[in-house]
Each structure stands twice: as structure tokens, then as C-alpha cells.
Peer 1: 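Take a look at the following structure, please.
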Amino acid sequence: MLSIVAGFVARYQFLLYPALVHLSVMLGEPHWGTVLLPLFFAANARPFSGTPSARRRKSAILLVLGLIAVWSVLQRGHWVLYLPPALIVAAIMAPFVMSVRPGYTPLITRIHRLAPSNPSNGLRSEAEICRYTDRLTWIWIALMGLILLDTVLLALLAPVEVWSLFTNVINYGLLLALIAGEWLFRMFWMRAWISPVKLVRTLLTVDHRELMR
């Protein structure tokens with residue numbers, strides 16, 4: 001039973017974590033959101049599996065997160081909740097930024113080229129598609145930079161309710177809007193039907209280790 005719950009949490013944590021944190025804030029008990037940190041780490045990192053050295057490292061991280069959670073609940077503090085969203089956005093943004101350096105291929109263009117079976121290009125040539133994906137990489141950098149900026153500034157300047165609304169709700173809506181808008185524009189621009197299911201399958205078939213090179 002515990003393994004089933006852990007698997008569910010690990011699979012849907014990108015939705016569960018912000019939803020539960022925002023709920024704790026709306027209930028006026030944001031410090032309880034800190035308890036989620038060790039729980040989600042345990043579900044995702046499996047601290048008691050792997051090599052002995054890896055188990056020790058993960059167990060130490062779990063212990064630290066557990067102590068922070070207990071301290072936050074006792075002190076009714078929630079400052080630690082400000083850290084994960086900013087760190088996650090920065091970590092996702094980093095490969096995009098690194099890929100637009102001179103001599104490197106923009107990340108979304110690299111994904112397009114590595115995909116074993118790209119969706120139909122419609123009436124567009126491969127060169128046009130690559131120029132499009134180059135620009136799309138920059139659009140993603142701009143949006144994530146905006147999200148990172150508002151995450152940090154609201155943590156410093158705004159009430160926790162406003163920070164939570166943007167960080168755990170509105171920012172996810174912006175990402176979803178970009179994904180949906182880009183899919184619609186791509187079909188219009190290519191003049192071809194592009195199945196969203198096929199797009200997702202294409203992304204899943206990419207060797208993501210190659211993206212980091």
C-alpha cells in the first residue's frame with residue numbers, strides 16, 4: 001500500500017505539491033506545507049534504496065528536511081516554502097540558457113533533431129522548422145525568467161497568500177497557456193494537423209541524456 005501511495009505521489013507531485021501548499025496557505029496554516037518537503041522527497045528519491053553511499057546521502061537529506069519541517073511547524077514558520085519553486089524553475093531553465101550559448105544548439109531544436117519520428121512538418125522545410133524551434137527556445141527562456149523573477153520578488157515583497165497564488169496557480173497556468181498556444185500556432189503555421197498525443201510520445205522517445213551534452 002505504501003509503495004502504491006509513494007508511486008502516485010512521485011508521478012503526480014508536479015500537481016500535488018503546489019496544490020497542497022496553496023491549500024495550506026489558504027487555510028491560514030502555511031507552516032504545515034513544510035511537512036510536504038520530506039514526504040515528497042521520500043516518495044521521489046527512495047532514500048532507502050541504491051548503493052550504501054547513496055542511501056546514506058539520501059537518508060541524511062531526508063533527516064534534514066524532516067527536522068526543518070518539525071522546526072517550521074513548532075515555530076509556525078513557512079520561509080522554507082519559498083525555496084523549492086525558485087530552485088525548480090532555475091533548474092529547468094538552466095539547460096535552456098546553456099543551450100543558446102555560441103556554438104551550441106538551442107534545446108528545443110536539439111529535441112526536434114533527436115526525435116526518431118518527428119510529427120509532420122506540413123508545408124515547412126526542415127530549415128524553417130529549426131529556425132522556429134530556435135526562437136521557441138528563447139520564448140521558453142523568457143517565460144521561465146519571468147516566472148523566476150516573480151517567484152523571488154513576491155517571496156521578498158508580497159504576503160504569502162499572493163506569493164502562493166502566483167507560484168502555485170498562476171505560473172502553472174502561464175506554462176499551460178504557452179504549451180497550448182504553441183501547439184495551436186504550430187498547426188496553423190505548418191498547415192498540418194499535429195496530434196498532441198503524438199507530440200508527447202515523440203518527447204518521451206528522445207534520449208534525454210543526449211540533451212545534456
Peer 1: Would a distance-only check, ignoring hydrogens and angles, find a side-chain to backbone donor-acceptor pair under 3.5 Å from Ser99 to Leu107?
Peer 2: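 Yes, because the side chain of Ser99 sits within donor-acceptor range (under 3.5 Å) of the backbone of Leu107.
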
Peer 1: Between atom CD1 of Ile170 and atom CG of Leu175, what is the distance when rounded to the nearest 0.5 Å?
Peer 2: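 The distance works out to 12.5 Å.
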
Peer 1: Could you report the tightest heavy-atom contact between Leu65 and Leu37, atom names first, then the distance?
Peer 2: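 Closest pair (atom of Leu65, atom of Leu37, distance): CD1-O, 4.0 Å.
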
Peer 1: Return yes if a side-chain donor-acceptor contact under 3.5 Å exists between Glu126 and His112, otherwise no.
Peer 2: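 Yes, His112 and Glu126 have a side-chain donor paired with an acceptor closer than 3.5 Å.
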
Peer 1: Between Ser164 and Asn168, does any side-chain donor sit less than 3.5 Å from a side-chain acceptor?
Peer 2: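 Yes, side-chain donor-acceptor contact under 3.5 Å.
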
Peer 1: A side-chain contact here means heavy atoms from C-beta on lying under 4.5 Å apart; do Pro106 and Phe96 qualify?
Peer 2: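 Pro106 does not reach Phe96 side chain to side chain.
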
Peer 1: Ser24 vs His31, test: side chain to side chain contact (heavy atoms under 4.5 Å, CB included). Steps then yes/no.
Peer 2: CA-CA 8 Å; Ser24 71; His31 50 279; over 6 Å; no

Peer 1: If you compare all heavy atoms of Gly66 against all heavy atoms of Pro38, which two are closest, and at what distance to 0.1 Å?
Peer 2: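 Taking Gly66 first and Pro38 second, the nearest heavy atoms are N-CB, 4.0 Å.
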
Peer 1: Any donor and acceptor pair, going by atom type alone, linking the side chain of Thr109 with main-chain N or O of Asp134 inside 3.5 Å?
Peer 2: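 Flag set: sc Thr109 to bb Asp134 pair under 3.5 Å.
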
Peer 1: Using the rule that two of Ile, Leu, Val, Met, Phe, Trp, Tyr join whenever any of their side-chain heavy atoms come within less than 4.5 Å, decide whether Val89 and Leu157 are in one cluster.
Peer 2: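 Yes, same cluster.
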
Peer 1: Should the pair Tyr132 and Trp189 be assigned to parallel (<30°), tilted (30 to 60°) or perpendicular (>60°) ring geometry?
Peer 2: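 Tyr132 and Trp189: parallel rings.
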
Peer 1: Quick one: do Val25 and Val162 end up in the same hydrophobic cluster if we chain Ile, Leu, Val, Met, Phe, Trp and Tyr together by side-chain heavy atoms under 4.5 Å apart?
Peer 2: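 Yes, Val25 and Val162 fall within the same hydrophobic cluster.
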
Peer 1: Same cluster or not: Leu184 versus Ile139, using hydrophobic residues (I, L, V, M, F, W, Y) connected whenever any side-chain heavy atoms lie under 4.5 Å apart?
Peer 2: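 In one cluster with Leu184: Ile139, yes.
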
Peer 1: Nearest 0.5 Å, please: how far is CG in Leu148 from CG in Leu143?
Peer 2: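 Interatomic distance, Leu143 CG to Leu148 CG, rounded to 0.5 Å: 11.0 Å.
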
Peer 1: Taking atom CH2 of Trp140 as the centre, report whether more than 12 heavy atoms of other residues, nucleotides or ligands fall under 6.0 Å from it.
Peer 2: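 Yes, CH2 of Trp140 has more than 12 neighbouring heavy atoms, counting only those of other groups under 6.0 Å.
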
Peer 1: Taking Ser72's backbone N and O only, do any of them form a donor-acceptor pair with Gln75's side chain (distance below 3.5 Å, no angle check)?
Peer 2: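 Here the side-chain-to-backbone pair does not exist.
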
Peer 1: Nearest 0.5 angstrom please: Ile147 CD1 to Thr151 OG1, how far?
Peer 2: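 Ile147 CD1 to Thr151 OG1: 7.0 Å, rounded to 0.5 Å.
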
Peer 1: Is there side-chain contact between Cys130 and Arg113, with heavy atoms separated by less than 4.5 Å?
Peer 2: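 Yes, side chains in contact.
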
Peer 1: Give the minimum heavy-atom separation between Phe41 and Lys58, together with the two atoms involved.
Peer 2: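 The answer is CE2-O, 3.3 Å.
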
Peer 1: Please assess Tyr172 against Thr167 for the test side chain to side chain contact (heavy atoms under 4.5 Å, CB included), listing each intermediate value before the final yes or no.
Peer 2: CA-CA 8 Å; Tyr172 283 86; Thr167 301; 6.0 Å; no

Peer 1: Quick check: is Leu146 connected to Ile88 through a chain of hydrophobic side chains (ILVMFWY, heavy atoms under 4.5 Å apart)?
Peer 2: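 They do not share one cluster, since no chain of ILVMFWY contacts under 4.5 Å joins Ile88 to Leu146.
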
Peer 1: Can you measure from CD1 (Ile141) to CE (Met144) and round to the nearest 0.5 angstrom?
Peer 2: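 Ile141 CD1 to Met144 CE: 6.5 Å, rounded to 0.5 Å.
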
Peer 1: Taking Leu136's backbone N and O only, do any of them form a donor-acceptor pair with Thr133's side chain (distance below 3.5 Å, no angle check)?
Peer 2: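 No; judged by distance alone, with no hydrogens or angles, the pair does not exist.
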
Peer 1: Determine, stepwise, if the pair Leu149 / Leu153 fulfils side chain to side chain contact (heavy atoms under 4.5 Å, CB included).
Peer 2: CA-CA 6 Å; Leu149 181 63; Leu153 289 180; 3.8 Å; yes

Peer 1: Rounded to the nearest 0.5 Å, what's the gap from CG on Leu16 to CG on Leu23? Could you check?
Peer 2: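 Reported value, rounded in 0.5 Å steps: 11.5 Å.
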
Peer 1: Below 30° counts as parallel, above 60° as perpendicular, anything between as tilted: where do the rings of Trp163 and Tyr82 land?
Peer 2: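 Trp163 and Tyr82: perpendicular rings.
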
Peer 1: For the atom pair CD (Glu29) and NE2 (His78), what is the distance rounded to the nearest 0.5 Å?
Peer 2: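 Here the rounded value is 11.5 Å.
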
Peer 1: Which residues, ordered by chain and number, are linked to Leu67 in its hydrophobic cluster, where ILVMFWY side chains connect at heavy-atom gaps below 4.5 Å, directly or through other members?
Peer 2: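 Besides Leu67, the hydrophobic cluster comprises Leu63, listed by chain and residue number.
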
Peer 1: Does Trp71 belong to the same Ile/Leu/Val/Met/Phe/Trp/Tyr cluster as Ile68, with side-chain heavy atoms less than 4.5 Å apart forming each link?
Peer 2: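 Yes, one cluster joins them.
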
Peer 1: Backbone N or O of Met98 within a donor-acceptor pair of the Arg101 side chain at under 3.5 Å?
Peer 2: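 Yes; at least one donor-acceptor contact below 3.5 Å.
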
Peer 1: Please report the C-alpha distance between Val35 and Trp32 in whole Å, then the side-chain angles of each, then the deciding distance to 0.1 Å, and finally whether the side chain to side chain contact (heavy atoms under 4.5 Å, CB included) criterion is met.
Peer 2: CA-CA 6 Å; Val35 176; Trp32 282 107; 3.8 Å; yes

Peer 1: Within a strict 4.5 Å, meaning less than it, do heavy atoms of the Pro18 and His22 side chains meet?
Peer 2: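 Heavy-atom side-chain distance check fails, nothing below 4.5 Å.
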
